[in-house]
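First comes the structure, then the notes that go with it.
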There are 2 protein chains.
Amino acid sequence: MRPRPRAGLLTHPVRLVVLGFAVTVAATTLFLLLPVATTPGRTTSPLVAVFTATGAASGALAVVDTGTHWTTFGEVVIAAAVQLGGLGFMTSASLLGLLVSRRLGMRIRLLAAAETQSFGLGEVRRVVRAVALVTFTVEAVIAAVLFLRLWLTYDRSPARAAYESVFHSITAFNNAGHSLYGDNLVGFAADPVIILTVAGGVILGGLGFPVLFELRHELRTPRYWSLHTRVTLLGYGILTVAGTIAVAATEWRNAATLGEHGVGDKLLAAFFASTTARTAGFNSIDYADADASTLVVTDVLMFIGGGSASTAGGIKITTFMILFFAILAEARGDETVDAFGRQVSPAALRQALAVALLGVALIVVATLCLLSVSHHTLDQVLFEVTSAFGTVGLSTGITAELPAFAQCVLIVLMFIGRTGPIAVASALALRERRRLYRLPEERPIVG
Amino acid sequence: MRPRPRAGLLTHPVRLVVLGFAVTVAATTLFLLLPVATTPGRTTSPLVAVFTATGAASGALAVVDTGTHWTTFGEVVIAAAVQLGGLGFMTSASLLGLLVSRRLGMRIRLLAAAETQSFGLGEVRRVVRAVALVTFTVEAVIAAVLFLRLWLTYDRSPARAAYESVFHSITAFNNAGHSLYGDNLVGFAADPVIILTVAGGVILGGLGFPVLFELRHELRTPRYWSLHTRVTLLGYGILTVAGTIAVAATEWRNAATLGEHGVGDKLLAAFFASTTARTAGFNSIDYADADASTLVVTDVLMFIGGGSASTAGGIKITTFMILFFAILAEARGDETVDAFGRQVSPAALRQALAVALLGVALIVVATLCLLSVSHHTLDQVLFEVTSAFGTVGLSTGITAELPAFAQCVLIVLMFIGRTGPIAVASALALRERRRLYRLPEERPIVG
Ligand SMILES: [K+]
Ligand SMILES: [K+]
């Protein structure tokens, strides 16, 4: 048989994203399996190593307590995996986005066709350098603030304060949510310096490199911002405010979470919960004690996630906002989906639809898998599954108790959650083709 | 202020569907509040009367046991509400579908413009007559089979057998799921004659009048079938088979539901559960004992529902299938959504998207409402909410225990679930307008 002329669903540049992630996970797994990584007296099964590596590289769930199960060597491996996973993903997703927009530009500017199929090495290098610059700058600022606070207010030794602040600045900017503390950030719930600094890192990481790049160059000239940046910022703002209000409302009187706090601390914790659900996975409240409504609100936030080509997961803010604008357009009776004086490309709408629906389908199937092998309730299972798909890392605490099969499902979910949305959207975009004929149109009754 | 020149979201013919339904509910409520409707020794609060009336007219949930709470007079009122609700909805939805397709046809055939804004009375009468004919024919056949079975096998008196068979033939064809038996149809779970007859009525009612009409006239010439009929039949088949397999798989060993049955009875009960979840609401297994996975599978089936302009609820099979074909088209890299050698109208795709996403949003909001006022678990609440939205009537048994606010939410959901999808889709379709300009196109990164 001859090879088919058209490429498979995973076209070449997309495969790079998936492969890069797989290699990071594999290398991290091997390092974590070294005896020196595990605290004496504990053992690390291959499943735990794979789970932790996937969770770290995608910035999602952990299956053992980071601070007690792993040695400092193990913790450094995890931080390195988080950092590499974040850098690698931001870089490859940015390059992919660039490639897609060029390939599509090709349709319009056919003259440049020769340049559009691949990047020059210099171009790749420039993107990698810019991503690294942004990453390390933000992380350095966050680490500095955390260091001063931990050293001066919490009486850590300078060395310990430096170690903890670097670790948490990496997991914050990379939206990975791993913490050295057994209760994550619950102990700092009422410290606005720590909480707002971490939230700042989470937000900057979660906006995505294309947005950060544009803000860096055109911060004072919003009229030049691209549709992508405007939609992402608007969506981020709406979701943060709505999430804060919703979490505050559902937990206001819950004595195990916000109930005992004053109004300011309640709002701070609710704001942090809303921010971190998309999709950093730090927690300053204990989700095992949270109300079922809070879990559902958080599920929605985790599913939507952060910006494209960011360290956050989920179907992405643009995907959600495009669907939102599509409904607005329908309500107005418009044929086109418009936002900020621009028409959203119909192809982008169709891809948003595909990404969102495939995400829903995946979550339903995974939820059924977990429900059938565990005795946990739907709210717990759905939370865990959405957290894995959104590479969030929040948990009601059931991860470690789940049977091996369920943990494998979560690993697969984290893998797909990290690489899936961008891979699916880009693969679809790169495969677009014009047909020379159209079938006769017919209209089924809807609704 | 001057009235706005454009009609509101609820344009005139759409308002008719909503109003007709509201009038049916109001009249039924008044009849149920008559003392003669309630069994001596019991009382009927206004909330119970409104709930029961909405549930009956939309073919959805009941809040009290039909057989014991109501007198025979009350039962007849309920059966009448079911019948009127079904007839009225099938008629008005069919007329609306016809109106929409004409109005859209107007774009193409401008010559007939004068005729497209409204129907002649003769045309309305013809549709009403056809709907009534189909309804009463199917119900008569079902009632006859049930009568013979109940009389000959279950030793009912002829009068009682006639009464029960007519009642259940009405609730079956109208997908209303109300039963005179305290355990619904659990007592008949292993009787294929009763179960398959009721299922037959449910399926015929659930396909929708446009499909039934076409099948009646062109049963032997499938090549003339419209896209609507093909998509509905394919979707109905896929969902029935997939639902049967899923329910059988999740309940196979559950001693409280299928576990004690033989293989044949297991498959029969799973098939019935799959059929009735879309959206008839009879049950031959007790959902209070069902596995959480079964509830989730049933949620999905209830959300999708039956055919357009049918007695079933949900977002409708065509809505679901159009989105399904859209994903297939994306995976193939096509710009258009094709099915059965036809291109699905882009407007239909956008409306399907709007109906599905608004449905999801509504269910999330309602679930949060119920979770915040009740102590039931997410799987129970989600099941109840989806059942109300899909006007199904299945319940894990918590309806009666819910606080008044939650019951009001369910009433609103049943109302919206019944009238919403067709109203939204038609209102959107009737409001379509062409703009004389297009904004410059821009493409955000998706995924
Ligand atoms: K993440
Ligand atoms: K129904």
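This is a predicted model, so every value here is computed, not measured. Note on naming: letters A, B, ... go to the chains in the order of the sequence lines (proteins, then strands), and numbering restarts at 1 for each one. The figures here come from the full heavy-atom set of this structure, side chains too, leaving out hydrogens, waters and symmetry mates.
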More than 12 heavy atoms from other groups under 6.0 Å of [atom1] on [X]:
X	atom1	value
Tyr236(A)	OH	yes
Phe213(B)	CZ	no
Phe324(A)	CZ	no

Part of [X] lying under 4.5 Å from any heavy atom of chain B:
X	value
Leu370(A)	neither
Ile317(A)	neither
Ser372(A)	both

(request) Hey, could you give me the CZ/CD1 distance between Arg350(A) and Ile327(B), rounded to the nearest 0.5 Å? (result) 13.0 Å
(request) Report the distance from atom CG of Asp379(A) to atom CG of Leu371(B), rounding to the nearest 0.5 Å. (result)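 Asp379(A) CG to Leu371(B) CG: 8.0 Å, rounded to 0.5 Å.
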(message) Under the side-chain contact (heavy atoms from CB on, under 4.5 Å) test against Val364(A), which residue among Asp299(B), Val300(B), Val297(B) passes?
(response) Val300(B)
(message) Quick check on side-chain contact (heavy atoms from CB on, under 4.5 Å): which of Val381(B), Thr377(B), Leu378(B) does Leu378(A) satisfy it with?
(response) Leu378(B)
(request) Let me know if Leu295(B) has heavy atoms under 4.5 Å from chain A in its side chain, its backbone, both or neither. (result) neither
(request) Counting only heavy atoms closer than 4.5 Å, note whether Ala326(B) contacts chain A via side chain, backbone, both or neither. (result) side chain
(request) For residues Ser293(A) and Leu368(B), report the shortest heavy-atom separation together with the two atoms involved. (result) O-CD2, 3.3 Å
(message) Between Leu323(A) and Leu353(B), is the side chain to side chain contact (heavy atoms under 4.5 Å, CB included) condition met? List the steps.
(response) CA-CA 8 Å; Leu323(A) 296 177; Leu353(B) 179 68; 4.0 Å; yes
